[in-house]
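Attaching a single structure in structure tokens format; questions to follow.
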Amino acid sequence: MADGVMTVDRPERIRNVALVGHSGAGKTTLVEALALATGALNRAGRVEDGTSLSDYDEIEQRKHRSVQVSVVQVGWRETKINLIDTPGYADFVGELRAGLRAADAALFVISAADGPSGVGGATRAVWDECEAAGIPRAIVLTHLDAARADFDEMVHACALFLGDGASESVLPLHLPVHGPAGADGHRSVTGLIDLLSDRVIDYSGGDRAPREPTEEQAGRAAQGRGRLIEAVIAGSEDESLMERYLEGADIDPATLTADLERAVARAGFHPVLIGASAPEGARTGLGTVELLELIVGGFPTPAEHVVTATPGGNGATAQTLTCDPEADLAAEVIRTSSDAYVGRVSLVRVFSGTLHADDTVHVRGHGLAAPGDPAHPDHDADDRIGAVTAPFGKQQRPLPQAIAGDIAYVTKLAHAETGDTLSATGAPLLIEPWPLPEPLLPVAVRAHGKSDEDKLSTGLARLTAEDPTLRAEHNRDTGQLVLWCLGEAHRDVALERLRTRFGVQVDIEEYRLALRETLARPTRARGRHVKQSGGHGQYAVCEIEVRPLPTGSGIEFVDAVVGGAVPRQFVGSVEKGVRAQAARGMVAGYPLVDVRVTLVDGKAHSVDSSDAAFQTAAASALREAAAAAGVVLLEPIDEVSIVVADDYLGTVLGDLSSRRGRVLGTAPHGSGRTRVDAEVPERELRSYAVDLRSLAHGTGEFHRGYLRHEPMPAPVSRTVLDEAPT
């Protein structure tokens, strides 16, 4: 340990653990408790410079919730533990997935104060994601001091919702010990009953004091100990030990603990532990030592995390990386941020080799975007890094090197984006990046003032580089600058960062749809532009026939003039006038599409006719045609695919009907989930990213894509026309 930074020389002495759970469950408090238990924080909860781990981010302090991944490195029993604190709010699932990418195991932090509802659909979705990746998991129950907290009820809920009803795979390692009732009848948690060792860990005096259980406590322990031992042995797949146990042999706690660690590492058993649930709990360290022992002994080392990478060159096949500090470098950028003093800072997980300060590395990839995305050009070049530092919340501490399996910050990677691969210059590699949620909430913004206009493009470029789940686009149809976000909280954080960190103030304006206009029926109209005011006059007359066309046909122009009624040199002028007026729209300023305009007749003057006169006459004729035939508004229709838990399928289908959606079909999508395919007007989807989360209790996700334009119903059309600027 040097300058507060623990250094290790082999991956077996590293553990990377992501703390996940919904917002307010107590993840950050638990990190502080673990840092206190390991000596990384002093008894006042402060580090050397006087700051605390909760001083992560100015926005987080103001909003009282985490909005980005934060890594805290602590040491326990000569093992470095990288605690990866992830946001719990659904809008920041991109940060959550980044944290899981860097981790080898996950702690699900669940608040007992919320009751069984705390084990909700969003928690289950992350659990399933970890299960699909084979990530070992444990559960930490917090806020057991809350008045309505029920430990047994919470364990049952975890087994039911996270263990797929297989209660034998989700069982507690400890039972809570409650102190005497206070004046209000409330009994706080003062200790733990360790079911494997059959000992009580007493925290009532502020220190961890093991002792023998009372008769009543021993009786409670006996009820759960047998089930726990059987589940641990089954999860570890230790057949010889199972035979001994069934024969009635007495198995010592050390053997059971070794089997427990094996079962957890294999993701065959998911223990439930008790964690510090409040600042008071953090100071007394309730359950922290037990949790640290499980992390060190039961969670896998980075060497057990299988990662593949593709060497440079076309047609290369993926190869498994070796978690060896002496091998060629292979690392991945987990998160990108910027610092006012050092510039771009990259959080990196090293999978192979060793990373040193001032190394020259090869940067390869295209961030987390799809290949070919012009906003994220492919990277394939050498770059020199600056310093290597150890993350400790908001702090960065100098680190001599980051070996395979470790997590570190590096500076001055000028071109690397989140998701890019860093490798040795002579052996370029590409690690396939993790999938990102699609931002589907549109927010139209404009610069607040002239000075903001000058800085807006640069500020947005830096903001989207830091947050790959944020997408900025200039809508060519409406002319608006649109930020696509994951939700309202994501939007608020993005705009606040744009203002406070990049000095750009923007105003939100109403998001406009790319509507179109077309004609209701065929018609014929005449346009006349005749002026004589002394000198050179203006004279042009043209007669047109207009006929609606199928959707997607655009504007067709046909010259059907006979006898030279409109001289050849002015036919192009008529077409130009028609197309210019169509682009301006007829009644609401939306482009006119899907019509055929046929020039059938006209008149010209040998002196006063001109290009400008025929353009004006053509535009007038098209306006007359629109007035005679009537204008129909066309709205964009999106193709939508929704995946939702079966429990909320009926609610989602009913909501789609209220949004004028047409359900095309449903199909099973894994266990307990259904995919719904539908066509929905884009007007009804503007806030659907937020609404679906509420309808499906966090279990729903959807994708959308433009399908076509089609006529808008008359009542909706009248509303739009009433809202259109005059």
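Bear in mind that the values here come from a model prediction, so they are computed numbers and not experimental data.
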Review point. Is E545 salt-bridged to R547, going by a charged N under 4.0 Å from an acidic O?
Key: no

Review point. Counting only heavy atoms not in H669, do more than 12 sit closer than 6.0 Å to its NE2 atom?
Key: no

Exercise for review: Take V493 and F92, measure what side chain to side chain contact (heavy atoms under 4.5 Å, CB included) needs, and give me the verdict at the end.
Suggested key: CA-CA 10 Å; V493 168; F92 308 104; 3.8 Å; yes

Exercise for review: Applying side chain to side chain contact (heavy atoms under 4.5 Å, CB included), run through L599 and F570 and close with a yes or a no.
Suggested key: CA-CA 11 Å; L599 177 62; F570 295 130; over 6 Å; no

Review point. Is a side-chain donor or acceptor of T598 paired with a backbone partner of V558 at a separation under 3.5 angstrom?
Key: no

Check your understanding: Looking only at heavy atoms, what is the nearest atom pair of Q538 and A613, with distance?
Key -> CB-CB, 4.4 Å

Practice item. State whether E488 and R693 are salt-bridged, where the test is any N-O pair (Lys NZ or Arg NE/NH1/NH2 against Asp/Glu carboxylate O) under 4.0 Å. Key: no

Review point. How about K603: does its NZ atom have over 12 heavy atoms from other parts shown lying under 6.0 Å from it?
Key: no

Point to revise | CG-CG distance between L460 and L470, expressed to the nearest 0.5 angstrom | key: 8.0 Å

Point to revise | Heavy-atom pair with the smallest gap, counting every atom of V593 and T518 | key: O-OG1, 2.9 Å

Review point. Hey, does S337 have a side-chain heavy atom less than 4.5 Å from the side chain of V345?
Key: yes

Review point. Would you find a donor on one side and an acceptor on the other, under 3.5 Å apart, between the side chain of D559 and the backbone of V561?
Key: yes

Review point. Can any side-chain N or O of D128 pair as donor or acceptor with the backbone N or O of A125 at less than 3.5 Å?
Key: no

Point to revise | For D477 against A514, the heavy-atom pair lying closest together | key: CB-CB, 3.6 Å

Review point. What pair of heavy atoms forms the shortest contact from G94 to T469, and how long is it?
Key: CA-CG2, 3.7 Å

Practice item. Would you check if V361 and L413 make a side-chain contact, meaning some heavy-atom pair closer than 4.5 Å? Key: yes

Check your understanding: So, E684 and R660, do they make that salt bridge, N to O below 4.0 Å?
Key -> yes

Exercise for review: Examine the side chains of D647 and H697 and answer whether a donor and an acceptor come within less than 3.5 Å of each other.
Suggested key: no

Point to revise | Y688 side chain near L656 side chain, heavy-atom distance below 4.5 Å | key: yes

Point to revise | Non-hydrogen atoms of I334 and A98 that approach each other most closely | key: CG2-O, 3.3 Å

Exercise for review: Test H490 against D467 for side-chain hydrogen bond (donor to acceptor under 3.5 Å, both in side chains), laying out the working first.
Suggested key: CA-CA 10 Å; H490 188 211; D467 185 357; 2.6 Å; yes

Review point. Going from CD on Q581 to CG on L622, what distance comes out if it is rounded to the nearest 0.5 angstrom?
Key: 6.0 Å

Review point. Under 3.5 Å, is there a donor-acceptor pair between the side chain of T464 and the main chain of A461?
Key: yes

**Study point:** Residues R335 and E95 bridged, charged N to O under 4.0 Å
**Key:** yes

**Study point:** Side-chain (S687) to main-chain (V690) donor-acceptor, under 3.5 angstrom
**Key:** no

**Study point:** Short N-O contact, R497 and E466, less than 4.0 angstrom
**Key:** no

Review point. Roughly how far apart are Y511 OH and L441 CG, rounded to 0.5 Å?
Key: 10.5 Å

Practice item. Let me see the working for V595 and I555 under side chain to side chain contact (heavy atoms under 4.5 Å, CB included), right down to the final yes or no. Key: CA-CA 5 Å; V595 294; I555 294 288; 3.3 Å; yes

**Study point:** Worked check of salt bridge (charged side-chain N to carboxylate O under 4.0 Å, His left out) between E635 and R683
**Key:** CA-CA 8 Å; E635 64 178 336; R683 179 182 174 86; 5.9 Å; no

Exercise for review: Compare all side-chain heavy atoms of K455 with those of F502 and state whether any distance is below 4.5 angstrom.
Suggested key: no

**Study point:** Gap between atom NE2 of H529 and atom OG of S610 - 0.5 Å precision
**Key:** 7.0 Å

Exercise for review: Taking T719 for its side chain and P715 for its backbone only, find out whether a donor-acceptor pair lies under 3.5 Å.
Suggested key: yes

Check your understanding: Quick check: are there more than 12 heavy atoms from other residues, nucleotides or ligands sitting under 6.0 Å from CZ of R704?
Key -> yes

Study note, to complete from the structure: To the nearest 0.5 Å, atom CD of E543 lies from atom CZ of R528 at 13.0 Å

Review point. Between R708 and E679, is there a salt bridge with N-O shorter than 4.0 Å?
Key: yes

Point to revise | Carboxylate-amine/guanidinium contact E710 R662, below 4.0 Å | key: yes

Check your understanding: Does M586 offer a backbone N or O that forms a donor-acceptor pair with the side chain of E517 under 3.5 Å?
Key -> yes

Review point. Taking C-beta and beyond as the side chain, do V506 and L481 meet within less than 4.5 Å on heavy atoms?
Key: no

Check your understanding: Do V67 and P87 have side-chain heavy atoms sitting under 4.5 Å apart?
Key -> no

Point to revise | pair V643-F702: side-chain heavy atoms closer than 4.5 Å | key: no

Practice item. Specify the closest pair of heavy atoms between A416 and V333, including all atoms of both residues, with the distance to one decimal. Key: CB-CG2, 4.2 Å

Exercise for review: For D594 and G552, indicate whether the former's side chain and the latter's backbone hold a donor-acceptor pair under 3.5 Å.
Suggested key: yes

**Study point:** Side-chain donor/acceptor of T616 to backbone N/O of A612, under 3.5 Å
**Key:** yes

Practice item. Look only at the side chain of R512 and the backbone of G479, and say whether a donor-acceptor pair between them is shorter than 3.5 Å. Key: no

Review point. Looking at I508, L483, L486, which hits side chain to side chain contact (heavy atoms under 4.5 Å, CB included) with R491?
Key: I508

Check your understanding: Out of curiosity, D420 CG to S346 OG, how far, rounded to the nearest 0.5 Å?
Key -> 9.0 Å

**Study point:** Check against side chain to side chain contact (heavy atoms under 4.5 Å, CB included), V69 and L347
**Key:** CA-CA 10 Å; V69 164; L347 182 64; 4.3 Å; yes

Practice item. Decide yes or no for L634 and Y590: does some side-chain heavy atom of the first lie under 4.5 Å from some side-chain heavy atom of the second? Key: no

